[in-house]
Amino acid sequence: MTQEQADKTAGTILIVGASRGLGHAMAAEFVRRGWSVIGTVRGGGRTLLHDLADTYPGRVEIEQLDITEPREIAGLRERLAGRRLDMLFVNAGTANADQDETIADVSTEAFVRVMVTNALGPMRTIEGLQGLVTPAGTIGVMSSGQGSIANNLKGGHEVYRGSKAALNQYMRSYAARHAGEPRALVLVAPGWIRTDLGGPDAPFGLDETVPQIVTMLLAQEGQPGLRYLDREGRTVPW
C-alpha cells in the first residue's frame with residue numbers, strides 16, 4: 001500500500017484471540033495496512049503472534065488474556081488504561097468435540113464450555129473493554145453464519161450454532177442499550193475457512209478471506225449501530 005493509504009487507515013486495534021488462525025491472520029493484515037496491533041494470547045508459550053511482533057518491532061504488542069476469566073479481563077483493562085483504540089475485535093470460538101451431537105446428547109460440561117467461550121466470554125470482554133474504544137470507533141466480534149436462525153435449514157452443529165445465535169442475541173441487546181451512540185458494532189460471519197476450528201475440508205483459505213474481512217471492517221467506520229455481515233459486507237439474515 002502507498003504511504004498515503006497507510007496514513008489514511010492507520011489506527012490501533014486490539015484483537016482478542018490473535019495467537020493463531022483467523023485472529024493471527026487478521027493481526028498480520030492490519031499491521032500490513034499500517035495499523036498498530038495489540039493482540040492477546042492465552043498461556044505463556046510462544047505463538048505465531050510473537051513471530052509477527054518480531055517482524056514488526058514496535059507495531060505489535062502482546063497481552064495475556066483468557067476471556068473465560070473475568071479477573072483477566074479486568075486486569076487487561078487496567079494495563080491498557082489511558083490507551084485509546086480505534087477498533088476492538090473479539091475473536092473467540094470453540095466447539096464440542098462431536099459436532100454430530102444433538103443438544104440433548106451433549107454433556108453439561110461441554111455445553112457450558114462452548115457457551116462460555118463463544119457467547120459469555122466475548123460479551124464480558126466487550127463490556128469490560130468498551131471504555132478503551134474511541135467514541136466513533138468500531139467494536140467487532142467473530143460470529144458465524146451458523147448463528148443465523150433464519151438460515152438454519154439443515155440442522156447439525158447444534159451446540160456451536162446455538163452458542164453463536166446466543167452471541168448474536170446478546171449483541172442485539174448490547175446495541176439496544178447503546179442506541180444512539182456513534183460506534184459501529186459488527187457481528188462477522190467469515191464463512192467456512194481452513195483453520196484449526198474450520199478443519200482441512202473448508203473451501204476457503206486465510207489468504208483469500210482475511211483481506212476481505214479487514215476491508216469490510218474498515219468500511220464500517222462512521223456507520224453507527226449493529227450489523228451482522230459476511231466478509232464481503234453482505235447482510236446475514238438473523
Side-chain angles (χ1 to χ4, degrees), residues 13-18 21-23 25-27 29-30 40 67-68 73 85-95 114-130 132-134 136-153 157-193 195 197-198 202 204 206 209-238:
I13 181 172
L14 170 59
I15 302 178
V16 174
L22 276 169
M26 287 179 63
E29 183 67 18
F30 269 102
T40 74
I67 66 168
T68 68
I73 298 171
L85 306 173
D86 299 284
M87 189 181 302
L88 165 64
F89 191 85
V90 182
N91 174 58
T94 191
V114 173
M115 290 295 291
V116 169
T117 302
N118 290 2
L120 180 59
M123 294 311 304
R124 281 177 168 167
T125 302
I126 290 169
E127 297 276 9
L129 302 180
Q130 61 183 339
L132 302 173
V133 183
T134 59
T138 301
I139 296 176
V141 60
M142 192 67 78
S143 182
S144 169
Q146 292 196 7
S148 169
I149 294 174
N151 281 348
N152 184 7
L153 303 178
H157 305 276
E158 290 187 16
V159 178
Y160 182 79
R161 282 184 187 274
S163 69
K164 291 298 187 177
L167 172 65
N168 292 355
Q169 182 71 283
Y170 297 143
M171 275 298 289
R172 285 293 291 262
S173 293
Y174 177 88
R177 285 189 279 113
H178 293 271
E181 296 182 3
R183 285 181 184 147
L185 307 175
V186 192
L187 285 158
V188 178
W192 188 13
I193 301 172
T195 62
L197 183 61
F204 301 106
L206 291 169
T209 54
V210 169
Q212 292 177 304
I213 293 170
V214 171
T215 295
M216 181 274 289
L217 285 170
L218 292 174
Q220 304 312 305
E221 182 181 5
Q223 299 190 55
L226 177 64
R227 293 170 181 81
Y228 182 21
L229 304 174
D230 69 14
R231 64 177 181 267
E232 296 181 22
R234 297 173 298 200
T235 297
V236 180
W238 293 95

Exercise. Nearest heavy-atom pair of Pro190 and Ser144: which atoms, and what distance?
Worked result: CD-CA, 4.4 Å
Let me check something: any side-chain donor-acceptor pairs from residues 119-126 under 3.5 Å, sequence neighbours excluded? List them with distances.
| residue | atom | partner | partner atom | Å |
| --- | --- | --- | --- | --- |
| Thr125 | OG1 | Gly121 | O | 2.8 |

Exercise. Do Thr68 and Val116 have side chains that get closer than 4.5 Å, going by heavy atoms?
Worked result: yes
Exercise. Can Gln212 and Met216 be said to form a side-chain contact (heavy atoms from CB on, under 4.5 Å), step by step?
Worked result: CA-CA 6 Å; Gln212 292 177 304; Met216 181 274 289; over 6 Å; no
Problem set entry | Minimum side-chain heavy-atom gap Thr138-Asp86 below 4.5 Å | no
Exercise. Run the side-chain contact (heavy atoms from CB on, under 4.5 Å) check on Met26 and Met142 step by step: do they pass?
Worked result: CA-CA 11 Å; Met26 287 179 63; Met142 192 67 78; 3.9 Å; yes
For this session: For Gly93 and Asn118, work out which heavy atoms get closest and say how close.
Result: CA-OD1, 3.3 Å
Exercise. Looking at Leu229 and Gly233, what are the two nearest heavy atoms and their distance?
Worked result: CD2-O, 3.6 Å
Problem set entry | For Ala166 against Met115, the heavy-atom pair lying closest together | CB-CE, 3.8 Å
Seminar exercise, completed: Given the options Leu85, Leu88, Val90, Leu129 meets side-chain contact (heavy atoms from CB on, under 4.5 Å) only with Leu88
Problem set entry | salt bridge (Lys or Arg N to Asp or Glu O under 4.0 Å) involving Glu181 - partner list, sequence neighbours excluded | none
Exercise. Side-chain contact, heavy-atom cut-off 4.5 Å: Leu22 with Val210?
Worked result: yes
For this session: Hey, could you give me the CZ/CG distance between Arg161 and Asn151, rounded to the nearest 0.5 Å?
Result: 9.0 Å
Exercise. Can you name the closest pair of heavy atoms from Ser148 and Asn168 and give their distance?
Worked result: N-ND2, 4.5 Å
Problem set entry | Candidate pair Leu14 and Thr40, rule side-chain contact (heavy atoms from CB on, under 4.5 Å), full reasoning | CA-CA 8 Å; Leu14 170 59; Thr40 74; 3.9 Å; yes
For this session: Let me see the working for Val186 and Leu217 under side-chain contact (heavy atoms from CB on, under 4.5 Å), right down to the final yes or no.
Result: CA-CA 8 Å; Val186 192; Leu217 285 170; 4.2 Å; yes
For this session: State, to 0.1 Å, how close Ala189 and Gly145 come at their nearest heavy-atom pair, and which atoms those are.
Result: CB-N, 3.5 Å
Problem set entry | salt bridge (Lys or Arg N to Asp or Glu O under 4.0 Å) partners of Arg234, counting only residues at least two apart | Asp230, Glu232
Problem set entry | Atom OH of Tyr174: over 12 foreign heavy atoms under 6.0 Å | yes
Exercise. Atom CD1 of Ile67 and atom CD1 of Ile73: how far apart are they, to the nearest 0.5 Å?
Worked result: 7.0 Å
Exercise. Which distance, rounded to the nearest 0.5 Å, do you find between the NE2 of His178 and the CG of Leu226?
Worked result: 11.5 Å
Problem set entry | CG-OG1 distance between Leu187 and Thr235, expressed to the nearest 0.5 angstrom | 11.5 Å
Problem set entry | ring pair (Phe, Tyr, Trp, His ring centres under 6.0 Å): pairs with one or both residues in residues 212-238, sequence neighbours excluded | Tyr228-Trp238
Exercise. In Å, rounded to the nearest 0.5 Å, how long is the span from OH of Tyr160 to CD of Gln146?
Worked result: 6.5 Å
For this session: Could you list the residues that satisfy ring pair (Phe, Tyr, Trp, His ring centres under 6.0 Å) with Phe30, not counting sequence neighbours?
Result: Trp35
Exercise. Is the closest side-chain heavy-atom distance between Lys164 and His157 below 4.5 Å?
Worked result: no
For this session: Under the salt bridge (Lys or Arg N to Asp or Glu O under 4.0 Å) rule, collect the residues that match up with Glu29, sequence neighbours excluded.
Result: Arg32, Arg33
Seminar exercise, completed: In this structure, CZ of Arg183 is separated from CD of Gln130 (nearest 0.5 Å) by 6.0 Å
